[in-house]
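This report refers to the structure that appears directly beneath it.
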2 protein chains.
Amino acid sequence: MLDAIDLALLRTLQADPDLSIQELAARIHLSHTPCWRRLKQLESSGVIRGRAVLLDAAELGLPITVFAEVKLRRHDEETLSQLEEAVEKRPEIVECFSMSGDRDYIFRIVMASVERYEQFLKKTLLHLPGVASINSSFALKCVKLTTSLPI
Amino acid sequence: MLDAIDLALLRTLQADPDLSIQELAARIHLSHTPCWRRLKQLESSGVIRGRAVLLDAAELGLPITVFAEVKLRRHDEETLSQLEEAVEKRPEIVECFSMSGDRDYIFRIVMASVERYEQFLKKTLLHLPGVASINSSFALKCVKLTTSLPI
DNA sequence: GGTGAAAAGTCGCCCAT
DNA sequence: ATGGGCGACTTTTCACC
């Protein structure tokens with residue numbers, strides 16, 4: 001499916017997303033046309049999901065990151081899909097994984113302050129469909145946060 | 001620092017990162033020159049940290065996400081900075097937060113398989129500077145994963 | 001902040017190989 | 001599947017309101 005050139009293209013683009021097609025082509029020793037075709041094919045096949053603009057949370061007044069471990073009361077399909085739909089709608093929840101083990105979900109949440117999180121917990125999180133309990137942990141520091149995959 | 005137009009610009013760009021300057025300008029009811037000036041200023045002031053290409057982990061043979069809760073043996077500055085430097089170098093560790101509470105760090109790790117994670121845990125993670133113990137939880141499903149901040 | 005315009009560079013798509 | 005070339009667009013920078 002993906003050959004060595006595709007991988008080189010993806011690695012180069014991950015490391016330097018602002019590269020023009022010509023620069024990208026030069027880096028992977030291709031001329032611009034085949035490079036452009038491969039790029040479009042990787043986009044339309046979904047290997048490249050899209051692009052993003054990365055903003056600085058602290059600069060935007062959102063210095064608090066919380067990990068919330070969520071346990072559910074019920075585990076029927078209906079409840080799960082309602083919960084996941086609700087999660088999708090809350091922009092403060094930037095990540096949500098369904099988990100094995102003793103908790104059902106982990107959320108990563110971005111907030112303006114601890115006080116705001118307390119309100120968000122009480123007014124929103126605890127009222128999400130099926131939620132039984134939430135255990136919140138605050139991040140002291142973001143050491144690493146990347147969108148680059150290990151390829 | 002940021003006025004309503006800057007916020008509109010950032011929100012529009014978060015929702016649609018591939019917009020050209022002209023399209024972006026039209027969406028926020030500005031003409032292209034002031035829009036471009038604001039964009040450059042937001043980039044150089046660091047509010048916009050950069051751009052990224054988002055790849056599909058499953059398509060690239062990396063379907064496993066693990067959360068690793070790390071406890072340290074020692075907490076001196078030397079150990080911490082050595083650990084954080086090591087984390088930075090490991091591309092499999094895509095997120096790392098220093099935490100309050102009973103664990104010292106949370107890693108989010110992307111892997112090709114559970115077997116590979118087992119090797120990575122034994123050969124790499126447990127040998128990172130100062131690590132005392134690691135508790136690993138596997139994600140069953142990624143419900144949400146966004147780079148967009150709630151602004 | 002807006003307008004208009006022009007230079008440089010890039011993209012997207014022909015073609016021939 | 002690659003590389004060349006070209007018209008259409010965009011980005012970037014002006015000077016001026």
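Quick note on labels: first sequence line is chain A, next is B, and so on, each numbered from 1.
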Both atom distances under 3.5 Å, Watson-Crick or G-U wobble: I'd like the secondary structure of DNA chain C as a dot-bracket string, with | for pairs made across strands.
||||||.||||||||||
Run the salt-bridge test on R27(B) and E23(B) with the 4.0 Å N-O cut-off and return the result as yes or no.
no
Presence of salt bridge, K141(B) and E84(A), under 4.0 angstrom:
yes
Integer-rounded Å distance: dG3(D) C1' and H29(A) NE2:
16 Å
Among F67(B), F107(B), F138(B), which residue satisfies the ring pair (Phe, Tyr, Trp, His ring centres under 6.0 Å) criterion with Y117(B)?
F138(B)
Using side chain to side chain donor-acceptor pair (under 3.5 Å), reason through E115(B) and Q119(B) one step at a time and then give a plain yes or no.
CA-CA 6 Å; E115(B) 293 71 32; Q119(B) 293 167 19; over 6 Å; no
Pairwise side-chain contact, F97(B) with R108(A), heavy-atom cut-off 4.5 Å (strictly under):
yes
Just by distance, do the side chain of R51(A) and the backbone of P17(A) share a donor-acceptor pair under 3.5 Å?
yes
Would you call R103(B) and E69(A) a salt bridge, using N to O less than 4.0 angstrom?
yes
For D56(B) and E59(B), indicate whether the former's side chain and the latter's backbone hold a donor-acceptor pair under 3.5 Å.
yes
Could you tell me how far dT12(D) sits from dG12(C) if I compare only their P atoms? Round to whole Å.
15 Å
Summarise protein proximity over nucleotides 11-17 of chain C in one line of letters, 5' to 3': B for base, S for sugar-phosphate only, - for none, counting protein heavy atoms closer than 4.0 Å.
SBBB---
